[in-house]
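In what follows, a single structure is set out as structure tokens and then discussed.
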Amino acid sequence: MTVVILIGMAVTVFLTSLLSGIFGMAGGLILLWVLLFLYPVGTAIAFHGIIQMVSNGSRARFSRAYIDYRILGILCLGVAVSAAVLFSVNYVPDLVVVLIGVGLMPILVWLPVKRLQLDASKPLHAFICGLFSGALTISVGVAGPTVDIFFIRTQMDRRKIIATKASIQTLSHLTKVAFYWNAASGLPTSDWISILLAAPIAILGAHVGNGILQKMTDQNFRAWTRWVVTGVGAVYFTQGLLKLI
């Protein structure tokens with residue numbers, strides 16, 4: 001990895017961690033998109049998992065007072081079940097599937113959630129949310145928008161939403177890294193050095209983003225999240241379609 005790419009990665013990690021610190025997603029989508037240009041699919045997803053695990057983990061720590069551990073426990077159970085299924089079928093990712101899958105994901109944030117009655121505070125809904133989170137995080141690399149539709153109807157404020165989502169995403173990314181560990185272990189030493197350098201940068205970005213989040217209103221938080229995620233998804237989807245032509 002050249003010095004130019006290393007600097008570019010550092011800036012990317014900071015900015016994407018900043019976005020995730022504010023919106024709870026979006027940043028991870030952009031980071032994965034960049035990594036898919038640099039590495040094979042499995043390696044990119046593993047690399048993404050390591051960085052996002054640090055970013056989400058630090059965000060969860062900054063907001064740990066707001067984590068809903070009851071919901072988190074049920075979410076974890078769902079993630080474990082989906083991971084076990086994908087391990088058993090020996091799932092292998094495909095670039096076009098990842099691009100189109102992630103590109104379509106933002107549609108979820110525009111669904112009429114009031115009619116769907118999805119609510120992560122309900123045990124069954126939290127379990128289903130965990131299933132989707134684990135399955136999508138492993139199969140296409142991210143699951144933020146999917147998790148979001150289960151939280152948008154809860155009575156939790158933006159800080160509890162971010163804290164609890166950051167916690168489950170940290171564990172989902174940990175599962176993803178374990179799933180693609182063979183791909184990650186093949187990275188050269190220079191790339192592992194870049195990962196080590198990216199970790200504190202991701203924490204800094206999450207910290208700055210968390211500070212901005214505290215100053216936002218719940219209304220602005222929900223509105224901006226939709227548009228940011230939709231814009232990123234459109235880029236993914238377009239790229240996926242172009243690769244099919």
Side-chain angles (χ1 to χ4, degrees), residues 12-32 35 44-84 86-87 102 105 120 126-151 154 156 158-181 184 195-196 198-211 213 225 229:
T12 301
V13 168
F14 175 78
L15 293 177
T16 54
S17 295
L18 175 69
L19 275 176
S20 290
I22 300 171
F23 300 112
M25 61 179 93
L29 297 174
I30 297 172
L31 179 60
L32 178 60
L35 292 173
I45 293 177
F47 198 160
H48 177 267
I50 294 171
I51 296 175
Q52 286 298 102
M53 190 169 58
V54 174
S55 177
N56 282 280
S58 61
R59 193 162 70 250
R61 178 171 175 74
F62 294 143
S63 303
R64 60 188 179 278
Y66 299 100
I67 297 173
D68 189 314
Y69 289 98
R70 181 185 67 83
I71 294 176
L72 180 61
I74 301 172
L75 289 167
C76 288
L77 180 59
V79 170
V81 171
S82 60
L86 288 171
F87 269 115
V102 176
M105 209 176 290
F127 177 73
I128 295 172
C129 178
L131 281 176
F132 280 117
S133 175
L136 289 173
T137 301
I138 294 173
S139 61
V140 300
V142 292
T146 305
V147 177
D148 190 61
I149 65 172
F150 284 87
F151 279 86
T154 67
M156 302 158 65
R158 64 193 183 284
R159 292 164 296 188
K160 281 194 173 184
I161 290 174
I162 291 295
T164 307
K165 282 176 57 182
S167 299
I168 189 56
Q169 287 171 326
T170 299
L171 295 172
S172 294
H173 287 302
L174 175 61
T175 304
K176 180 173 71 178
V177 171
F179 191 93
Y180 293 109
W181 180 249
I195 292 176
L196 292 176
I201 296 173
I203 294 173
L204 176 62
H207 178 66
V208 175
N210 185 66
L213 172 69
T225 297
V229 173

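In this chain, numbering begins with 1 at the start of the sequence shown.
- Every residue meeting the side-chain contact (heavy atoms from CB on, under 4.5 Å) condition with R70, not counting sequence neighbours, appears here in chain and number order: D68, I74, S121, P123.
- What you find for V140 and I45 is that their closest heavy atoms are C-CD1, 4.3 Å.
- Nearest heavy-atom pair across G134 and L86 is O-CD1, 4.5 Å.
- Separation of atoms CG (L32) and CD1 (I30) is listed at 11.0 Å; rounding is to 0.5 Å.
- In terms of heavy atoms, I50 sits closest to V177 at N-CG2, 3.5 Å.
- Nearest heavy atom pair, residue I67 against residue A60, reads CD1-O, 3.8 Å.
- With hydrogens and angles ignored, the 3.5 Å screen pairs no side-chain donor or acceptor of S133 with any backbone N or O of C129.
- Between the OG1 atom of T12 and the CG atom of L35 there is a distance of 8.5 Å, given to the nearest 0.5 Å.
- Y180 places no side-chain N or O within 3.5 Å of a backbone atom of F47 that could act as its donor or acceptor partner.
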TODO: Before giving the answer on side-chain contact (heavy atoms from CB on, under 4.5 Å), spell out for L75 and F150 the whole-Å C-alpha distance, their side-chain angles and the decisive distance to 0.1 Å.
DONE: CA-CA 11 Å; L75 289 167; F150 284 87; over 6 Å; no
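- The two residues S172 and V79 have their closest heavy-atom pair at OG-CG2, 3.6 Å.
- Residue pairs meeting the ring pair (Phe, Tyr, Trp, His ring centres under 6.0 Å) criterion with at least one member in residues 48-68, sequence neighbours excluded, are H48-H173, F62-H207.
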Open item on the list: For C76 and L72: C-alpha separation, side-chain torsions, deciding distance, then whether side-chain contact (heavy atoms from CB on, under 4.5 Å) applies.
Closed with: CA-CA 6 Å; C76 288; L72 180 61; 4.1 Å; yes
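- Within 6.0 Å of CZ on F132 lie no more than 12 heavy atoms contributed by other residues, nucleotides or ligands.
- Scanning both residues, S82 and A135, for their nearest heavy atoms gives OG-N, 3.3 Å.
- Within the 3.5 Å criterion, the main-chain N or O of R61 finds a donor-acceptor partner in the side chain of R64.
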